[in-house]
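Here is the structure we will look at, set down as structure tokens.
Counting starts at 1 for both ligands and their atoms, following the listed order.
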Amino acid sequence: MSEAKAYAAQSASSPLAPSKITRREPGARDVRIDISHCGICHSDLHSVRSEWGASVYPFVPGHEIIGRVSAVGREVHKFKLGDIAGVGCLVNSCHSCGPCRDGLEQHCEKGPIFTYGSTDVDGTPTYGGYSSHIVVNEDFVLQIPAGMSLERTAPLLCAGITTYSPLKRFGARKGTRVGVLGLGGLGHMAVKIAAAMGAEVTVLSGSRAKEPDAKRLGAGDFVLSSDPAKTARLAGRLDLIIDTVSAPHDLSIPLACLRLGGTLVLVGASPQPLSVPAFGLIPGRRQIAGSLIGGIKETQEMLDFCAKRHVLADTEVIAIQNVNAAYKRLLKGDVRYRFTIDMSTL
Ligand code: NAP
Ligand code: ZN
């Protein structure tokens, strides 16, 4: 066992504070990564505060992890000391069920092991990337293409794959009309990735002030999502909408923007249920789908795609000591567009 420095919450209502955790020694197939940067995902906040159900404390969030390999087990083939490596939302799965064999480890039938808030194979709790180092089976460690900015690549490991996966699954390509609802961490990645895939992107945002950014990020159009009079001009127009909103919201507005047979994909994970208007779906034969991050192979594919197309997150780098203030700002939508923690400040 080794001791790691971390920031942990001790309860759903306590702030994140300095803490110590233990990590296992790297096994034969494990890689130890000294963490240099970790993105702040809204899921970290939902989980720390037990918004999706009771979390187990102490709780160390963080699943957009980048760092340098500092130890490898004797059977590790993909990594060597000093390599830059990434870890997203998954650290293990059963490797043998149908979804795992299909590269959908996030849907492992025995239960995926998430980077935080799960129970690891040895029965210990998993702790996330707001920490000095992490030990992960090499099958769940991502190769970071050479030359990518570490702080701007970290958010790809959740925000990037969570938007890349449904864009690909629902066929975003040249000419596809893609709407992105909510311009936060996930939303801004959805805009960049959809634009890189050749789609015509429209941002639907509740924040008028984000319009110039939406255009700069790659959107051709911007509509104030809080105003049905404004969204009316999109009626029946969009092929696909990626809904990244983190709180309850009115689905009738995005649904009305979909063409016949169009799809609204929920990736935003509101803790409270959303109501579905039957007449938002039935007359236009529309559908609502869900999507959960992406498998490991697809995450590597996304990283390679982003490297080739020069797609990176827009980040504000913070010291770990400012993490609680960053959570407050995240809740107010006051981040352009992802906080990344410089873990050397730990
Ligand atoms: P974020 O940076 O906080 O962005 C969320 C955006 O939603 C905000 O910027 C805001 O955009 C909009 N929004 C927030 N509150 C709203 C409200 N009350 N009504 C309408 N719009 C609101 O969060 P994120 O990190 O992108 O995460 C977004 C959601 O995705 C979270 O629920 C997170 O847990 C979830 N998530 C899901 C997966 C998955 O696998 N499915 C993976 C990662 C994250 P505007 O200002 O533009 O309106
Ligand atoms: Zn996330």
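Between the Ser165 side chain and the Ile161 main chain, no donor and acceptor come within less than 3.5 Å of each other.
Using a 4.0 Å cut-off between charged side-chain N and carboxylate O, Asp304 and Arg309 make no salt bridge. Salt-bridge check for Arg68 with Asp34: failed, with every basic side-chain N at 4.0 Å or more from each acidic carboxylate O.
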- [ ] Could you please spell out the steps behind the side-chain hydrogen bond (donor to acceptor under 3.5 Å, both in side chains) verdict for Ser2 and His133?
- [x] CA-CA 9 Å; Ser2 62; His133 67 273; 2.9 Å; yes
Task: Stepwise side-chain hydrogen bond (donor to acceptor under 3.5 Å, both in side chains) test for Gln287 and Thr263 - done: CA-CA 5 Å; Gln287 54 215 339; Thr263 304; 3.0 Å; yes
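Excluding waters, the set of protein N, O or S atoms lying under 2.8 Å from the Zn ion (ligand 2) comprises Cys41 SG, His63 NE2, Cys158 SG.
Residues meeting the salt bridge (charged side-chain N to carboxylate O under 4.0 Å, His left out) test with Asp120, sequence neighbours left out: Arg24. Partners of Phe305 under the ring pair (Phe, Tyr, Trp, His ring centres under 6.0 Å) rule, at least two apart in sequence or in another chain, are Tyr164.
For the residue pair Arg23 / Ser131, a side-chain donor-acceptor distance below 3.5 Å is found, with atom types taken as modelled.
In this structure, Arg237 places its CZ atom where only 12 or fewer heavy-atom neighbours from other residues, nucleotides or ligands lie under 6.0 Å away.
Using a 4.0 Å heavy-atom criterion, the residues that approach ligand 1 are Cys41, His42, Ser43, His46, Trp52, Cys158, Thr162, Gly182, Leu183, Gly184, Gly185, Leu186, Ser205, Gly206, Ser207, Lys210, Thr244, Val245, Ser246, Ala247, Val267, Gly268, Ala269, Ser291, Leu292, Ile293, Leu330, Arg338.
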